[in-house]
Q: 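Would you mind keeping the following structure in view while I ask a few things?
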Amino acid sequence: MEATNYLGSEKIGKLLAKFCIPCIASLIILISYFWGDGLLRLIGATDATISLAHDYGFIIYAMMPLAMTQNTLASIIRADGSPQYAMGAMIVGALINIVGDPLAIFVLDMGIKGAAWATILGQLVSFLLCAFYLTKSKTFRLRADSFRIDFGQIRQIMALGTSSLLTQLSIVVITVVNNILLVKYGAASVYGADIPLAAFVVIMKLFQIVLNIAIGIAAGAQPIVGYNFGAQKFDRVRELLKAVLKWTGIVGIVCMFLFEAFPGIFIRLFGSDGDLYMEFAVRCLRIYLLLILFTCVQKVCAIFLQSIGRAQAAAPLAILRDLLLIVFSIIVPVFFGVTGIFWAAPVADVCAMLITAVVMLRLWKELKAKAHTTFAAEGSIQQSRPGVIVTI
């Protein structure tokens, strides 16, 4: 296993250029600014929310290139053997955002724009900390030729990163589709369009927090899994899979219990807007996050497959649940109205988990067979060869 080459100076250095992060982010900025309110309307903004979305989004877009580059740098720093530094840089940015939001909104009276400014300030500080790391990296040094594009390596990177890309992209697609459906079916209900939209935003925030914890567990195990798989230590790979699933399961079970037992507390963390809103938000939180355990386990399994180089299996598994969710989100509300959009989530979770279980059981048997084969090869007595044996 060529661990040194994987973390070599040229390969990590070229990652910065090969992802073309600033170019992609700049394209997003251009589309967002020129399309403007039309884009916001397309993804579900209503008359009551369009001005807030406009004020917040147009500030956030400005930091897009640095924010996306910072995420890439954090991954490179972890691969360079400094996960604590990467975590510290991200925590500092998050704390600035957390402290800056109420300060800008309430003390400086900047409203929603203040929240946006606090967010991009945190992102900027995280970026600067990650960029500073490049001056003292362990296994690579940046040179001018580090930024030459190698399309062969781009294809390899894209193949292994596809499942993570699709996981994040699918969340965006789900949000857009559900926003449109919530406006349509919400307007035909007693709740109107704005209450379902507001409740969905809160529920998705909670969903993403829990999902990111699970993804963090799997992503943290990725280098260890990849190293042991490359070294053909298949018993260790199986133990890592068990550990990842165990801790993901603990997180999922605890969150499921809290969401079902105390939904009102979580809703009020984001504010409350009348009894009708609370009634709808509490009920739909319990429905949508009913089987979040399955969601977490299913996503973690996709990342695990990515860790051992099974990109062809990881990519479809990463978006399986989300594709099913989109389909059920369109079908179920036809019969059950606006709350049917939320019931689509547990239905999709069950279907995706069943398919994922079949794939992972096959993988488990395969790893077990490889472990026995490797052990037999290592433990067998090799045939004697002619020659002189010197004993001391």
Q: Kindly check if the number of other-residue, nucleotide or ligand heavy atoms within 6.0 Å of CZ (Arg268) is above 12?
A: no
Q: What about Ile77 and Met90, same hydrophobic cluster or not, with Ile/Leu/Val/Met/Phe/Trp/Tyr joined at side-chain heavy-atom distances under 4.5 Å?
A: no
Q: Do you know which two heavy atoms are closest between Leu129 and Tyr85, and how far apart they sit?
A: O-OH, 2.7 Å
Q: With a sphere of 6.0 Å drawn around NZ of Lys365, does it hold more than 12 non-hydrogen atoms of other residues, nucleotides or ligands?
A: no
Q: Could you check whether any side-chain N or O of Ser126 sits under 3.5 Å from a backbone N or O of Gln123, counting only pairs where one atom can act as donor and the other as acceptor?
A: no
Q: Quick one: are Val173 and Ile319 in side-chain contact, heavy atoms under 4.5 Å?
A: no
Q: Between Phe280 and Tyr191, how do the two ring planes meet: parallel, tilted or perpendicular, split at 30° and 60°?
A: tilted
Q: Compare every heavy atom of Ala214 with every heavy atom of Val300, then report the nearest pair and how far apart it is.
A: CG2-O, 3.5 Å
Q: Can you check side chain to side chain contact (heavy atoms under 4.5 Å, CB included) on Phe266 and Ile203, steps first, answer last?
A: CA-CA 9 Å; Phe266 293 99; Ile203 293 169; over 6 Å; no
Q: Give me the atom names and distance for the closest heavy-atom approach of Thr248 to Val297.
A: CG2-N, 3.9 Å
Q: Count I, L, V, M, F, W, Y as connected when their side-chain heavy atoms are under 4.5 Å apart, and connections chain through other members. Are Phe132 and Ile96 then in the same cluster?
A: yes
Q: Look up atom CG in Leu134 and atom CG in Leu73, then write down how far apart they are to the nearest 0.5 Å.
A: 5.5 Å
Q: Show your working on side chain to side chain contact (heavy atoms under 4.5 Å, CB included) between Tyr288 and Leu206 and close with a plain yes or no.
A: CA-CA 11 Å; Tyr288 197 87; Leu206 294 169; over 6 Å; no
Q: Nearest 0.5 Å, what's the CG-CE distance between Leu103 and Met110?
A: 9.5 Å
Q: Is the shortest distance from a Lys or Arg side-chain nitrogen in Glu239 or Lys242 to a carboxylate oxygen in the other one below 4.0 Å?
A: yes
Q: Return the minimal non-hydrogen interatomic distance between Ile105 and Gly111, and the atom names on each side.
A: CG1-O, 3.4 Å
Q: Determine, using the 4.5 Å side-chain heavy-atom cutoff (strictly less than), whether Ile213 and Leu290 are members of one ILVMFWY cluster.
A: yes
Q: Without hydrogens or angle criteria, can the side chains of Asp80 and Tyr133 be said to hold a donor-acceptor pair below 3.5 Å?
A: yes
Q: Mark yes when over 12 heavy atoms from residues, nucleotides or ligands other than Arg238 sit less than 6.0 Å from its CZ; otherwise mark no.
A: yes
Q: Working to the nearest 0.5 Å, report the span between CD of Glu260 and CD1 of Ile287.
A: 9.5 Å
Q: Would Phe229 and Leu367 count as a side chain to side chain contact (heavy atoms under 4.5 Å, CB included) here? Give the steps.
A: CA-CA 10 Å; Phe229 188 83; Leu367 290 173; 4.1 Å; yes
Q: With hydrophobic residues grouped by side-chain heavy-atom distances under 4.5 Å, do Tyr277 and Val282 end up in a single group?
A: yes
Q: Check the hydrophobic clustering (I, L, V, M, F, W, Y; side-chain heavy atoms under 4.5 Å; chains of links allowed) and say if Phe259 and Val201 are grouped together.
A: no
Q: Hey, mind stepping through Leu95 and Ile91 against side chain to side chain contact (heavy atoms under 4.5 Å, CB included) and telling me if it holds?
A: CA-CA 6 Å; Leu95 289 175; Ile91 288 176; 3.9 Å; yes
Q: Starting at CD of Glu279, measure out to SG of Cys284 and round the result to the nearest 0.5 Å.
A: 9.5 Å
Q: Val177 pairs by side-chain contact (heavy atoms from CB on, under 4.5 Å) with which of Ile174, Ile180, Leu181?
A: Leu181
Q: Could you pull out the closest heavy-atom pair between Val244 and Ala221, with the gap in Å?
A: CG2-CB, 3.7 Å
Q: Side chains of residues 340-358: which donor-acceptor pairs under 3.5 Å do they make with residues two or more places apart or in other chains?
A:
| from | atom 1 | to | atom 2 | distance (Å) |
| --- | --- | --- | --- | --- |
| Asp349 | OD1 | Thr295 | OG1 | 2.8 |
| Asp349 | OD1 | Arg321 | NE | 2.8 |
| Asp349 | OD2 | Thr295 | OG1 | 3.3 |
| Thr356 | OG1 | Gln298 | NE2 | 3.4 |
| Thr356 | OG1 | Ala352 | O | 2.8 |

Q: Is any NZ, NE, NH1 or NH2 atom of the basic residue among Asp322 and Lys299 found under 4.0 Å from an Asp or Glu carboxylate oxygen of the other?
A: yes
Q: Nearest 0.5 Å please: distance from the CG atom of Leu240 over to the CG atom of Leu245.
A: 11.0 Å
Q: Can you tell if the side chain of Ile120 reaches within under 4.5 Å of the side chain of Leu124, non-hydrogen atoms only?
A: no
Q: Which heavy atom in Gly114 sits nearest to a heavy atom in Ala104, and how many Å separate them?
A: O-CB, 3.4 Å
Q: Please list all pairs passing the ring pair (Phe, Tyr, Trp, His ring centres under 6.0 Å) test where one or both residues lie in residues 105-130, with sequence neighbours left out.
A: none
Q: Hey, could you give me the OH/CZ distance between Tyr185 and Phe336, rounded to the nearest 0.5 Å?
A: 12.5 Å
